[in-house]
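Quick notes on the structure that follows.
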Amino acid sequence: MTATRPPGPHDGYATDVAALCSDLLRIDTANPGDGSGPGERRAAEYVAEALDAAGVHAVLTEPRPRRTSVLARIDGEDPGLPPLLVHGHLDTVPAEPRDWTLHPLSGDLQHGCLWGRGAVDMKGTLAMTLALVRAWARTGQRPRRDLVLAFLADEESTGAYGSRHVTTAHREHFTGVEEAISESGGFSISTRSTYAGPDARVYPVAVGERGTAWMRLTARGTAGHGSGPGEDNAVAELVRALSRLADHRWPTRLTPAVGALLDALDRALGFRIDRSRLEEEASRLGRLGELFDCTVRNTAHPTVLAAGGKVNVIPSHARAEVDGRFLPGERDAFLETVDRLLGPKVTREFINCEEAVAADHEGPAFDAMAAAIRSQDPHAHPVPFIQSGGTDAKAFAGLGISTYGFAPLLLDPHLHYFGMFHGVDERVPVSGLEFGVRVLHRFLTTY
């Protein structure tokens with residue numbers, strides 16, 4: 001894999017990104033979501049020290065012991081422009097070492113990649129930001145506009161100790177901010193298109209995400225002996241409800257941003273994607289199809305099931321948890337359908353519910369990101385897309401801030417970006433991180 005780029009003084013901006021990323025990967029910030037993890041304190045202190053060494057004052061905020069976030073600000077060249085928020089999360093999902101080729105806390109370099117939990121989600125991006133700030137300190141350069149930095153705890157749960165905390169307890173830190181950049185966008189996907197050429201790459205930039213409805217379901221019945229009639233069995237009632245929910249075929253709907261994505265892919269690939277059979281088209285297009293296969297419909301997937309404690313006892317209740325995601329404007333219709341499928345004997349409550357968010361896919365911010373990517377990869381095709389999952393963007397949307405998923409990364413065609421999220425053997429190429437630092441430098445000094 002090669003990507004040509006014009007040489008210039010910006011080459012030095014990526015010099016220490018690998019060391020920063022490796023150090024962060026070696027710090028355990030696993031977040032199981034139940035408060036049992038080590039917390040983000042050590043990683044936050046590392047980030048704060050790196051910023052302080054670059055002359056950037058950092059503030060630690062900790063709503064619970066060891067659940068720590070870092071806030072900072074960098075003055076830009078033009079104070080008349082609205083500040084830009086750059087945010088990311090310090091925590092990771094847990095990893096089982098026996099499943100990995102290298103230990104998930106190793107941070108080791110092998111075959112050109114740094115291995116470890118969080119390499120793509122999202123300590124690699126945090127390292128790119130720190131590397132750029134440190135390089136600016138060495139060269140005296142500054143971003144075009146003020147930068148508001150937030151390195152956050154708890155994104156892998158509800159954000160209660162991270163983004164939700166800082167947007168309430170430290171709301172003044174984000175005064176004047178209208179736009180932000182964060183994770184899950186700007187990475188390369190090789191097209192393998194004869195029309196586009198052998199070196200063509202699509203770079204999806206996230207311009208929104210589906211809404212989140214994490215739900216806890218409860219079915220109640222009559223407790224009794226397992227050998228009895230069992231006519232009011234809570235477990236059976238819940239299983240039937242979950243089966244109806246899992247089997248439901250949600251209708252497709254094209255939002256404006258997903259429509260723009262399909263139009264952009266049409267142009268890049270040289271043929272029209274059939275809008276009447278998007279599920280089949282997503283399968284046919286492989287990794288490019290992953291950009292829209294989950295964002296043309298709502299989804300509701302059962303993920304947790306708990307009931308009973310002894311084989312010969314019918315329990316009085318059974319519980320399950322469901323990960324629901326809904327398109328913009330679909331919240332009420334989504335929940336009405338869920339309730340109909342569950343039936344009258346199953347109740348639901350929210351674990352977490354957040355509206356879908358969106359940013360302008362036709363505005364100057366997106367254009368500047370696209371230009372920054374093209375400046376380092378002339379074969380790039382930047383496209384907008386909607387994330388199927390959720391991020392801290394939802395908390396910042398409450399302050400009127402629109403977040404773009406823009407963590408630029410040049411990947412080897414054999415590395416599956418989405419497959420490494422929360423997956424085994426998560427890793428990131430050092431050359432891809434260096435590419436990302438150069439792209440971020442271009443974007444942040446021109447936009």
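Side chains are part of it too, since the values below use all heavy atoms of this structure and drop only hydrogens, waters and symmetry mates. Numbering starts at 1 and runs along the sequence shown.
For the pair Ser106 and Arg26, the tightest heavy-atom approach, listed with the atom from each and the gap, is O-NE, 2.8 Å. Across Asn298 and Leu327, no two heavy atoms sit closer than the pair OD1-N, 2.8 Å. Between Leu25 and Arg117, the shortest heavy-atom distance links the atoms CD2-O, 3.5 Å. Considering every non-hydrogen atom in both Ser388 and Cys294, the closest pair reads CB-CB, 3.6 Å. Closest heavy-atom contact between Phe435 and Asp377: CE1-CB, 4.1 Å. Between Asp91 and Ala153, the shortest heavy-atom distance links the atoms OD1-C, 4.1 Å.
If you check the side chains of Thr61 and His165, you find a donor sitting under 3.5 Å from an acceptor. Of the N and O atoms on the side chains of Glu62 and Thr68, at least one donor lies less than 3.5 Å from an acceptor on the other residue. Side-chain contact of His103 with Asp108: a donor-acceptor pair under 3.5 Å is absent, judged by distance alone. Side-chain contact, Glu156 with His422: a donor N or O sits under 3.5 Å from an acceptor N or O. Looking at Glu290 and His416, their side chains do bring a donor and an acceptor atom within 3.5 Å of each other.
Taken to the nearest 0.5 Å, the CG atom of Leu60 stands 6.5 Å off from the CD atom of Glu45. Expressed to the nearest 0.5 Å, how far CG of Asp392 lies from CD1 of Ile401 amounts to 11.5 Å. Separation of atoms CG (Asp232) and OG (Ser316) is listed at 10.5 Å; rounding is to 0.5 Å. The CG atom of Leu20 sits 4.5 Å away from the CG atom of Asp16 when rounded to the nearest 0.5 Å. Rounding to the nearest 0.5 angstrom, the gap separating the CG atom in Asp425 from the CG atom in Leu102 is 7.0 Å. Taking CG of Leu410 as the reference point, atom CD of Glu434 lies at 11.0 Å (rounded to 0.5 Å).
Using a cut-off of 4.0 Å between Lys/Arg side-chain N and Asp/Glu carboxylate O, Glu336 and Arg340 are scored as not salt-bridged. Note on Arg275 versus Asp266: salt bridge recorded, some NZ/NE/NH1/NH2 to OD/OE distance being below 4.0 Å. For the pair Arg249 and Glu279, the salt-bridge criterion is met [side-chain N within less than 4.0 Å of a carboxylate O].
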query: Between Arg67 and Glu40, does a salt bridge (charged side-chain N to carboxylate O under 4.0 Å, His left out) hold up when you go through it step by step?
result: CA-CA 5 Å; Arg67 305 310 307 274; Glu40 298 86 356; 2.9 Å; yes
_Evaluate Ser163 against His87 for side chain to side chain donor-acceptor pair (under 3.5 Å), listing each step before the verdict._
CA-CA 9 Å; Ser163 58; His87 66 89; over 6 Å; no
query = Does the pair Arg210 and Thr299 meet the rule for a side chain to side chain contact (heavy atoms under 4.5 Å, CB included), with working shown?
reply = CA-CA 10 Å; Arg210 293 188 300 173; Thr299 56; 3.1 Å; yes
* May I have the step-by-step check of salt bridge (charged side-chain N to carboxylate O under 4.0 Å, His left out) for Glu281 and Arg284, ending in yes or no? => CA-CA 5 Å; Glu281 290 286 67; Arg284 180 171 72 93; 2.8 Å; yes
- Hey, mind stepping through Phe421 and Val120 against side chain to side chain contact (heavy atoms under 4.5 Å, CB included) and telling me if it holds? CA-CA 7 Å; Phe421 263 77; Val120 296; 4.0 Å; yes
Would you check, one step at a time, whether the test salt bridge (charged side-chain N to carboxylate O under 4.0 Å, His left out) holds for Glu354 with Arg164? CA-CA 12 Å; Glu354 297 175 295; Arg164 293 184 183 180; 3.2 Å; yes
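Residue-environment remark: CD (Glu96) exceeds the threshold of 12 foreign heavy atoms within 6.0 Å. Counting heavy atoms of neighbouring residues, nucleotides and ligands inside a 6.0 Å radius, atom CZ of Arg244 exceeds 12 of them.
Panel note: side chain Thr175, backbone Glu172; a donor-acceptor pair is recorded below 3.5 Å. At distances below 3.5 Å, at least one donor-acceptor pair connects side-chain atoms of Thr337 with backbone N or O atoms of Ala333. Looking at Glu426, its side chain does come within 3.5 Å of a backbone N or O of Ala119 through a donor-acceptor pair. A distance-only check finds no donor-acceptor pair linking the side chain of Glu321 to the backbone of Thr303 [under 3.5 Å]. A donor-acceptor pair under 3.5 Å is formed between the side chain of Arg145 and the backbone N or O of Tyr447. Between the side chain of His225 and the main chain of Ser227, a donor-acceptor pair closer than 3.5 Å is present. Side-chain atoms of Arg297 do not come within 3.5 Å of backbone N or O of Pro251 as any donor-acceptor pair. Side chain of Arg66 to main chain of Pro38: a donor-acceptor pair is present (N/O by atom type, distance under 3.5 Å, no hydrogens or angles).
Annotation: ring pair (Phe, Tyr, Trp, His ring centres under 6.0 Å) contacts involving residues 281-337, sequence neighbours excluded, comprise Trp250-Phe334, Phe326-Phe334.
Considering only residues two or more places apart in sequence or on other chains, Phe187 meets the ring-ring contact (aromatic ring centres under 6.0 Å, His included) condition with Tyr417, Phe418.
Judged by the 6.0 Å and 45° rule, Arg348 forms a cation-pi pair with Phe350.
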